[in-house]
Amino acid sequence: MILKYTIRIAILFGILAVSCVDKIDFEVPAGLSDSVVIQARVVKGEPSFVEVDVSRLFDFSVESRRPLSVRRVVLTDDSSNEMVLETRVPGSYFQVLNESTAIQAEVGRGYKLRVETLDNRIFESTVDIMPPNRKPIALNLSIAQRPAVDNLGRPTEVDKVRLALDTEVNIEGNGGVYWEISVIYQVTDQGINDSENVIKTCFVENNINANEIFVLDPTQLRQGILNNFELTFADIDRRFGEGLFFAVKQYSLSQGAFRYWNGINILSEREGNIFDGPAGEVQSNFININDPESVAFGYFFATEEEIIREKAALPELADVPPVCPSERACFAPNGDSCICGLCCDCLVDPNATTVVPDFWF
C-alpha cells in the first residue's frame with residue numbers, strides 16, 4: 001500500500017525541488033540529485049507489520065525510476081530492541097511483527113528507523129510514539145451523480161458510488177487521522193493461460209483514488225464523532241460484476257506524522273492560482289547523522305489500524321457485467337499470447353488470491 005505513496009511523494013518532491021515562477025528547469029539543484037525518499041511505518045493491526053520503501057528523489061531521469069538498494073534497514077523500539085529488516089525486492093521491506101519477533105507493535109510505545117545506504121550515508125528518524133485509534137462505526141454507500149466530461153469533451157454527469165464514514169475520533173490528542181480506501185472484488189478468469197484450461201476465481205484488492213490523501217485534524221471538531229463524513233467517490237466499472245467490497249483503513253497519527261501527511265495533502269492539491277493556501281515546507285523526521293545539513297525526504301511513523309468493510313449491494317449495480325469474459329479479443333492476429341490480463345489468469349495481479357476472504361459472505 002505504501003509503495004504508491006512513496007512513488008507519488010518522490011515525484012512531488014522532485015517537482016517542488018525544481019519548480020519556480022516563470023519556468024520549470026528539470027535539472028535538480030546541486031545537493032539534491034542523490035537525495036532519497038524514505039516512506040515507512042510500524043502498524044498495529046491484524047496482522048501487525050513494519051513496512052519500508054526507499055526511492056530516489058524523482059528528477060525525470062532513467063536512474064531515478066530504478067529501485068534503490070541500501071545496505072541495511074534497522075527498526076528500533078524504545079527498549080533498545082533492534083530488528084534488521086530483510087528484503088527480496090530492492091528498496092522495499094515488509095515484515096510481520098508478532099510474539100516471535102524482537103519487536104512488537106504496541107500502542108504507547110516508541111519506534112525509530114535507520115537506513116544505511118551503499119555510499120555510507122546513514123539516515124535515522126526521530127522516535128515516533130504510536131497513538132491509540134478508534135474503530136469506525138459504519139461505512140455508508142450510496143449512488144450520487146458527479147460532474148464529468150464525455151468523449152467529445154462536453155460536460156456531463158455520471159453515476160458514482162459515494163463513500164461516507166461514521167466513526168469515532170480522538171479530539172483530545174494532538175495528532176490526526178489518516179485513511180486508506182480500497183476495493184476487494186471477485187473475478188473468474190477464462191483459464192486461457194492454464195495448460196489444462198482450469199478456470200480460477202480470484203479475489204483482488206486495489207486502492208481507489210490513489211491521487212487523493214485522506215487526512216483529518218480531529219482537534220478542529222466539537223465532538224469526537226463523525227457522522228456520514230464524505231470520503232470519496234468511486235467509479236462504477238466491471239469490477240462490481242461478481243461482487244465487490246469497499247474497505248476503509250483508519251490510522252492514528254502522532255502530531256509529527258499528521259503535520260507531514262497534512263502538508264503532503266496541501267501541496268498535492270495546489271492548482272497554481274491565487275486561491276491556493278500558502279506553500280510550506282513538508283518536514284521529514286529523517287536526518288543524515290553524518291551530515292545533518294543535508295536534505296532528507298519522507299517520514300517514519302507508528303500507527304494503529306482499524307478496518308471497516310461494506311459490500312456494494314446497491315440496486316443500481318445489479319446489471320453491471322463482470323470483468324470476464326473480456327470485451328476485446330484476447331489474442332492479437334497471428335499471436336499466441338493472451339492479452340486480456342485478469343481474464344487470461346486472474347493471479348497475474350500481485351494483489352490477487354484464490355483464498356476466499358473471511359468477510360466475503
Side-chain angles (χ1 to χ4, degrees), residues 1-2 4-5 41-49 51 97 105-108 128-144 160-185 203-236 239-240 243-255 257-258 260-262 264-265 301-314 317 351 356-361:
M1 297 291 183
I2 204 172
K4 70 182 180 70
Y5 291 114
R41 59 183 176 177
V42 168
V43 178
K44 176 179 173 60
E46 295 295 337
S48 298
F49 60 89
E51 184 178 26
L97 301 176
E106 299 177 16
V107 170
D128 196 68
I129 298 175
M130 185 185 297
N133 198 1
R134 303 291 176 87
K135 189 172 181 63
I137 300 168
L139 178 56
N140 310 308
L141 308 179
S142 60
I143 300 295
K160 293 197 174 188
V161 178
R162 176 181 181 268
L163 282 74
L165 191 66
D166 298 341
T167 187
E168 293 185 75
V169 292
N170 182 15
I171 62 174
E172 297 176 355
N174 57 7
V177 183
Y178 174 80
W179 292 283
E180 288 180 357
I181 306 172
S182 63
V183 294
I184 306 96
Y185 63 98
F203 300 86
V204 186
E205 182 169 10
N206 297 144
N207 286 343
I208 66 170
N209 297 348
N211 290 328
E212 295 184 66
I213 294 175
F214 307 97
V215 65
L216 173 74
D217 181 1
T219 64
Q220 302 300 311
L221 304 175
R222 294 183 178 180
Q223 57 182 3
I225 191 166
L226 296 172
N227 289 311
N228 205 32
F229 178 71
E230 187 175 282
L231 287 174
T232 192
F233 295 86
D235 293 335
I236 297 175
R239 291 178 297 177
F240 289 85
L244 179 147
F245 276 77
F246 287 100
V248 173
K249 299 176 182 179
Q250 180 168 298
Y251 297 98
S252 54
L253 297 179
S254 63
Q255 185 178 41
F258 171 74
Y260 174 82
W261 284 108
N262 191 51
I264 292 294
N265 183 47
F301 65 103
T303 180
E304 184 177 20
E305 175 188 77
E306 293 286 356
I307 304 176
I308 187 169
R309 302 179 182 89
E310 185 67 28
K311 187 174 184 179
L314 299 167
L317 304 174
N351 297 316
V356 182
D358 294 338
F359 57 82
W360 196 256
F361 299 106

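Because only heavy atoms are used, hydrogens play no part in the values below, and waters and symmetry mates are left out as well, while side chains stay in.
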Review point. Could you give the distance from NZ (K249) to CZ (R309), rounded to the nearest 0.5 Å?
Key: 7.5 Å
Review point. Looking at OG1 of T167 and CZ of R134, how far apart are the two atoms once the value is rounded to the nearest 0.5 Å?
Key: 9.5 Å
Exercise for review: Working to the nearest 0.5 Å, report the span between CD1 of I184 and CD of E205.
Suggested key: 4.5 Å
Point to revise | Validation row, ring centre F214 to ring centre Y178 under 6.0 Å | key: no
**Study point:** Atom NZ of K160: over 12 foreign heavy atoms under 6.0 Å
**Key:** yes
Check your understanding: Taking the side chain as C-beta and beyond, is there a heavy-atom pair between I236 and V161 under 4.5 Å?
Key -> yes
Check your understanding: Which is it for W179 and Y251 under the side-chain contact (heavy atoms from CB on, under 4.5 Å) test, yes or no, and what are the steps along the way?
Key -> CA-CA 6 Å; W179 292 283; Y251 297 98; over 6 Å; no
Review point. So, for G175 and F258, which heavy atoms are closest and what is the spacing to 0.1 Å?
Key: C-CB, 4.0 Å
Check your understanding: Is the NZ or CZ atom of R41 both under 6.0 Å from the centre of the six-membered ring of F49 and within 45° of that ring's axis?
Key -> no
Exercise for review: Output the distance between atom NZ (K311) and atom CG (L314), rounded to the nearest 0.5 Å.
Suggested key: 11.5 Å
Revision key, fill the gap. Smallest heavy-atom separation, V42 atom then A105 atom, equals CG1-CB, 3.9 Å
Practice item. With salt bridge (Lys or Arg N to Asp or Glu O under 4.0 Å) as the test, would you mind laying out the steps for R162 and E230 before giving the verdict? Key: CA-CA 8 Å; R162 176 181 181 268; E230 187 175 282; 2.9 Å; yes
Check your understanding: For E304 and P131, which heavy atoms make the closest approach, and how far apart are they?
Key -> CB-O, 4.1 Å
Exercise for review: Just do the side-chain contact (heavy atoms from CB on, under 4.5 Å) check on L165 and L226 with the steps written out, would you?
Suggested key: CA-CA 7 Å; L165 191 66; L226 296 172; 5.9 Å; no
**Study point:** Residues I225, V169; criterion side-chain contact (heavy atoms from CB on, under 4.5 Å); working and verdict
**Key:** CA-CA 6 Å; I225 191 166; V169 292; over 6 Å; no
Study note, to complete from the structure: Separation between CG (L244) and CD (E310), nearest 0.5 Å, reads 11.5 Å
Exercise for review: Might you work through the side-chain contact (heavy atoms from CB on, under 4.5 Å) test for L253 and Y260, ending with a clear yes or no?
Suggested key: CA-CA 10 Å; L253 297 179; Y260 174 82; over 6 Å; no
Review point. Do K44 and E305 sit within salt-bridge range, that is, some charged N less than 4.0 Å from a carboxylate O?
Key: no
Check your understanding: Looking only at side chains, do D128 and S254 share a donor and an acceptor under 3.5 Å apart?
Key -> yes
Study note, to complete from the structure: One should read off an interatomic distance between T219 OG1 and I171 CD1, to the nearest 0.5 angstrom, of 9.0 Å
Review point. Which heavy-atom pair separates F240 from F246 by the least distance, and what is that distance?
Key: CZ-CZ, 3.9 Å
Review point. Do T232 and E212 come within less than 4.5 Å of each other through their side chains, counting heavy atoms only?
Key: yes
Exercise for review: Answer yes or no: is there a side-chain heavy-atom contact under 4.5 Å between D217 and N262?
Suggested key: no
**Study point:** N228 versus D166, side-chain donor and acceptor atoms under 3.5 Å
**Key:** no
Check your understanding: At their closest point, which heavy atom of L141 faces which heavy atom of A312, and how far apart are they?
Key -> CD1-CA, 3.8 Å
Exercise for review: Can you label the angle between the F301 ring and the W261 ring as parallel, tilted or perpendicular, going by 30° and 60°?
Suggested key: perpendicular
Review point. Would you call V248 and L231 a side-chain contact if the rule is heavy atoms closer than 4.5 Å?
Key: yes
Check your understanding: Looking at side-chain heavy atoms only, is the closest gap between L216 and L221 below 4.5 Å?
Key -> yes
Check your understanding: Shortest non-hydrogen contact from N265 to V215?
Key -> ND2-CG1, 3.9 Å
Check your understanding: Does the side chain of I181 come within less than 4.5 Å of N207's, by heavy atoms?
Key -> no
Point to revise | Pair F203 + W360: ring centers closer than 6.0 Å | key: yes
